[in-house]
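A, B, ... follow the sequence lines: proteins, then strands. Residue 1 opens every chain. The structure presented is a predicted model; accordingly, all values stated were derived computationally and were not measured. The figures here come from the full heavy-atom set of this structure, side chains too, leaving out hydrogens, waters and symmetry mates.
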Amino acid sequence: MVLDFRDIHGKIYRGVKEIRGSLLILEGIPGVKYDEVVLIRAPDGVDRLGRVLEVGEDSVVIQVFGDEMGLQIDSVVKFTGATFEIPVSDDALGRMFNGRFEPIDGMPPIHSSELRDINGSPINPRARIHPNDFIQTGISAIDGMLSLVRGQKLPIFSESGLPHNRIIAQIARQATVPGKEEEFALVFAAMGLKNDEARYFIEQFRESGAIERSVIILNLADDPAIERLITPRIALTIAEYLAFELGYHVLTILSDMTNYCEALREISAARGEVPGRGGYPGYMYSDLATIYERAGIVTGRKGSLTQMPVLTMPGGDKRHPIPDLTGYITEGQIILDKDLDSRGIYPPINVLPSLSRLMRSGIGKGKTREDHREVSDQLYDAYSRGLRARDLARIVGEMGLSDRERLYLRFADVFENRFLRQGEYENRSIDETLDLAWEILTILPPEELVRVKEETIDKYYYPALSRVEVKG
Amino acid sequence: MRVGKIEKISGSVVVGKGIDDVEVGEVVEVGEDRLIGEVIRVAEERFIAQVYEPTSGLKPGDVISATGKRLVAELGPGLLSGILDGIGRPLEDLLKLSGPFISRGIKVNMLPRDIKWEFKPVVKVGDKVEGGDIIGTVEETPSITHKIMIPPGLSGVITHIEEGRYTIEEPIARLNTNGGEKEIFMYQEWPVRVPRPFMEGGRLPLSEPLITGQRVIDVFFPVAKGGAACIPGGFGTGKTVMLHQLAKWSDTEIVVYIGCGERGNEMAEVLTDFPELVDPRTNRPLMERTVLIANTSNMPVSAREASIYMGITIAEYYRDMGYDVALMADSTSRWAEAIREISGRLGEMPVERGYPAYLPDRVAEFYERAGRVKALGRPEREGSVTVIGAVSPPGGDFNEPVTIHTLRFTGVFWALDPDLAYSRHFPAINWLKSYSVYADRLISSFAYSVSGYAKELEDWWTKKFKDFPQYRERALRILSEAAEIESIARIIGEKALPDDQRLVLLTAELLKEGFLRQFAYDEVDSFCPPEKQVMILEVILDFHDKASKLIMNNVPIEKINGLPVVSKLMRMKYHPEGITHIQEVNREVIDSLSKLAEEYSLVI
């Protein structure tokens, strides 16, 4: 949102009672609206954006987005009377903005008569269409076992040092809905990403040609932290417009949500609120929900909004409040694993604790293949037995295992090295993924495949077995 | 209407002043858009209200007016197969008025005003009636007959009543009461925070199980009709799918499903699935017996708090008609968090993890609204409300206030286990940690002799299946034995175990795979009728007994492990022929084990 102090109408007040971090407290101002946007001009000449957080008869609390350094008691505050709105238009495609929606590509700001409140409005659950279009990412672990569907919100839980950026870029490059040629758009919002990470994405999008269909919104690591509270909302406001007004199938990537949550904690602490777990505010669940729930498909509108948020789990702990609350809201999670990564397996997706809640509705006959659900269940079962056998082998040695356990141990190794592991530019079709799954399942005798029905075994296991025999 | 002014706004909490006689619990309308709110605290000059809609744009000095009404549910025909938001507004109507995104300040009635219902009286002019008496019926859906009742507290002599087609706003009867003549309508209003009354001393023992068609629940950890169950689990452990299963297959006449602060797409799934699913008992679409309440996680927090009360009030109303009602709340943690958030905005002193000191009271009040009761009025009838509450403990750690307090006030604990979920064993109910006070006491004969209702529950099963309690007990014993053996096997390897222990592991595997694990989306396995449940258990345990004898006579476990019938035992639950197929597998068990015995020249 480009706001020029001079162009905007509003009531102007001079003088601030108190500056507490990124909060301004003003007194004796009538008629201030809850949640309205303000502009602050400090004596340093820099204009900052702010929002009313709390309003009483005699005091107003304002949250400042932007640098709080340089703010003085003698600042001028302009109350706009409006909530946070941005102009929306498909002109934003192919453009790049900062975290406040100001262009950073040297081009003019977006002009549109369509203004949208960045907080959006909740989708009426009655108006939602249950998502069931399978998105092929070309990554076997995801397509085969954690299938993504249009309108889903499926986050990646990562850790520092893991290749989540490469995975996201690969998904952005390869994602298609088989058999459908439709308008596709990408909205990328960075919250606190490092400069080189942001550059990596932009290069990736440029290389694949996706940049023409992308809206890139960057709040980088050295940009004001508080701005991160509005960045994802701006991104989703554009994404909603593209999806539900213009009919695009939009993939929105929000990275990194951990930085967002930290900004939220900062504000909460500055306001002196009762801290919850880890110092994060008690309302973080509701707050995150107002972001994540802005994904879906609605009746009577053509497009869809799919979200892939990325977050780094502090300390690699899945039970940390950020991944924990996220997992309770999103429709599954893809968890990356240090151990797989250190063994050189890309993508290092730990499928066991990962989950796609909407997988069931996106797969099966007429969508992917009739055997998909069963083969996926069997892979989970066999791999978890394989990992148990691997643990056991560490204690009793491989010789101490029963024949059956040794089979599962072998299965786990092959699963990781053939199914999970794939090239960064290797794009496997869903048929290839499922055929591969059957081939590695032939390590086990058919009686072991109890999660698969007998007729499915007849149809897929034996052909896979003869393929494997031919290949040797 | 009494009018005052806003003094302060902070999130969903608004401070108002200028209405002296405002009451706690009174509904207020806030600002120009007349946003709906409820007074939660009153002081000498000021009062505090929680607002059920986003408060952006409100400012001090805006009007706030008291309506003189409590937050009520409209109870009458038209509730079934509908979907309401947390304060009872039909989402269908909101969709018509504001499109797919919900805007603010929309006022719609909870019950449809335009439908004419066919009213059939069951009392006549001159009859004396009082609160709770049924005066007539309406076919609300093809599966449910709605009983029109005199509102509690009202009594008198019928001066007019007539069969016919009426909307709910047209009087169906007139009553001569002490306070003059009163018109009676097909609907009544009831404040949601007040439990609906039943006959004094009318709480009945919990003697009948809720049949859910889910094996691990019905056989191992059953809940009684009128009881309460708690299902805590971290994310991804299958709470929601479990609740959906219970809503689909429980043998109650009415289901109330509350989506409290959960995912919008999941509510969409219910709305897509339920109209297509058929109740195995009535052969009618499940939607016809269901009321949905949806306050998804991105809808206002305070309405989330109200949604739980809205749901239970509707459940009680159908209970009063003499129906068995099951209420599912997903998730009660979001409700507790809404209480916490509002408490925080009021500046109350937090006690545990930010929750206010009165959290246990609220939890207790809610679960105590479950029960099996003699309804008020005539004819005599019994109804029940069974409450099943999902809990979403932070980090999946059950040692947190909401889980702890919920366990105190419920009788059944279905502990969801992430390790089971990771290997896609669903329902991921841990058979060692879970319990049911309705059934656990059956395990030891000592316990059930002291426990009245547990004994009755056992009787129910016994009538149908004589040896059932014994089978249940043995299966649980094998599972817990297997857990111990596994912990040893983790150190020395399975190969080093004696064969009899390896057989226990095999049987436990059969129980887990063939009995406990149940696939919610399989056409056959989604609902497992009780007799099939018992038969699967019997066949597996008989296999164990026969195999034990072979092992005792030195038949190596590998011989038994490798029998083709073993994988059939695991798969028989899926077979469309049901019991016939299971009997076939049983014959195969007998055949193949006898052959094995012959091989070793044994007689079994």
Side-chain angles (χ1 to χ4, degrees), chain A residues 30-36 54-57 83 119 121-131 151 273-274 276-277 282-283 285-286 289-290 293 296 298-301 319 321 324 327-329 331-333 352-353 355 358 360 377 380-381 384 392 395-396 400-402 405 447 450 453-454, chain B residues 7-10 55-61 83 91-92 94-95 100-103 235-236 259 261 263-265 267-269 271-272 294 296-299 301 334 337 340-341 344 350 353-354 392 394-397 418 422-424 490-496 513 521 564 566-567 570-571 574:
Chain A
V32 176
K33 290 181 182 168
Y34 176 70
D35 215 24
E36 81 172 280
E54 194 175 301
V55 51
E57 267 186 338
T83 49
N119 292 312
S121 294
I123 299 178
N124 184 332
R126 185 73 192 81
R128 283 184 184 269
I129 293 176
H130 193 239
E273 290 168 341
V274 179
R277 214 157 50 105
Y283 52 78
Y285 176 85
S286 303
T290 61
E293 273 291 319
V298 300
T299 52
R301 311 290 169 103
R319 289 173 310 175
D324 190 47
Y328 273 122
I329 304 165
E331 283 132 3
Q333 65 279 339
L352 296 186
L355 168 74
L358 301 182
R360 182 185 64 89
D377 267 5
Y380 276 110
D381 182 74
S384 71
L392 191 58
I395 301 163
V396 298
L401 298 182
S402 66
E405 284 163 335
E447 316 77 87
V450 291
K453 289 185 178 162
E454 274 155 333
Chain B
E7 190 177 274
K8 188 181 161 188
I9 304 122
S10 168
T55 50
S56 299
L58 289 178
K59 55 180 188 297
I83 176 166
L91 289 174
E92 191 74 49
L94 294 183
L95 180 62
F101 297 90
I102 299 174
S103 42
F235 62 85
R263 304 174 182 90
N265 278 335
M267 290 317 289
E269 185 185 344
L271 287 170
T272 321
T296 54
S297 56
N298 55 338
M299 288 156 86
V301 167
R334 306 300 163 221
E337 283 161 11
R340 175 174 69 183
E341 188 171 333
R353 303 226 188 163
S392 317
D397 174 11
Y422 293 168
S423 59
R424 300 313 190 249
R490 267 197 291 275
I491 301 165
I492 60 168
E494 198 192 319
K495 232 169 83 177
E513 198 56 50
Y521 301 109
V566 168
S567 70
M570 293 186 187
R571 286 202 191 95
Y574 291 129

**Request:** Answer with side chain, backbone, both or neither: which region of A:Ser384 has an atom nearer than 4.5 Å to a non-hydrogen atom of chain B?
**Result:** side chain
**Item:** Sequence-distant partners of B:Arg353, salt bridge (Lys or Arg N to Asp or Glu O under 4.0 Å), two or more places apart
**Value:** none
**Item:** A:Pro122 backbone acceptor or donor facing B:Asn298 side chain under 3.5 Å
**Value:** no
**Item:** Over all atoms of both residues, closest heavy-atom pair of B:Ile9 and A:Tyr34
**Value:** CG2-CG, 3.6 Å
**Asked** chain A heavy atoms under 4.5 Å from B:Glu337: which part of the residue, side chain, backbone, both or neither?
**Response** side chain
**Prompt:** Got a donor-acceptor contact below 3.5 angstrom from the A:Asp324 side chain to the B:Gly395 backbone?
**Reply:** yes
**Item:** Interchain contact, A:Val32 with chain B, by part (heavy-atom threshold 4.5 Å)
**Value:** backbone
**Asked** Does any heavy atom of chain B fall under 4.5 Å from the side chain of A:Val55, the backbone, both, or neither of them?
**Response** both
**Asked** At a heavy-atom separation under 4.5 Å, does B:Thr296 approach chain A through its side chain, its backbone, both, or neither?
**Response** side chain
**Asked** Under 4.5 Å between any side-chain heavy atoms of A:Glu57 and B:Lys8, yes or no?
**Response** no
**Prompt:** Where does B:Arg263 contact chain A at under 4.5 Å (heavy atoms): side chain, backbone, both or neither?
**Reply:** both
**ring-ring contact (aromatic ring centres under 6.0 Å, His included) involving A:Tyr328 - partner list, sequence neighbours excluded** = B:Phe235
**Message:** For A:Leu401, which atoms come within 4.5 Å of any heavy atom of chain B: side chain, backbone, both, or neither?
**Reply:** backbone
**Asked** Quick one: what part of B:Pro394 sits under 4.5 Å from any heavy atom of chain A, side chain, backbone, both or neither?
**Response** both
**Item:** Interface moiety of B:Ser392 toward chain A, non-hydrogen atoms closer than 4.5 Å
**Value:** both
**Message:** Just so I understand: if I count every heavy-atom pair under 4.5 Å between each of A:Gly31, A:Pro321, A:Gly296, A:Pro30 and chain B, which residue has the most?
**Reply:** A:Gly31
**Request:** Check whether any side-chain heavy atom of B:Met299 sits under 4.5 Å from a side-chain heavy atom of A:Pro125, and report yes or no.
**Result:** yes
**Request:** With a 4.5 angstrom heavy-atom cut-off, could you sort out which part of B:Leu95 is near chain A: side chain, backbone, both or neither?
**Result:** both
**Prompt:** Taking side chain as C-beta onward, heavy atoms only, is B:Arg424 less than 4.5 Å from A:Leu355?
**Reply:** yes
**Request:** Report yes if the side chains of A:Tyr285 and B:Ser297 come closer than 4.5 Å at any heavy-atom pair, otherwise no.
**Result:** yes
**Asked** Which bit of B:Glu92 comes within less than 4.5 Å of chain A, counting heavy atoms only: side chain, backbone, both or neither?
**Response** both
**Asked** How far apart are the closest heavy atoms of B:Glu513 and A:Asp381, and which atoms are they?
**Response** OE1-OD1, 4.5 Å
**Per-residue contact mode, A:Leu358 against chain B (heavy atom under 4.5 angstrom)** = side chain
**Considering all heavy atoms, the nearest A:Ser402-B:Lys495 contact** = CA-CD, 3.5 Å
**Item:** Within-4.5 Å side-chain heavy-atom neighbours: A:Glu331 and B:Asn265
**Value:** yes
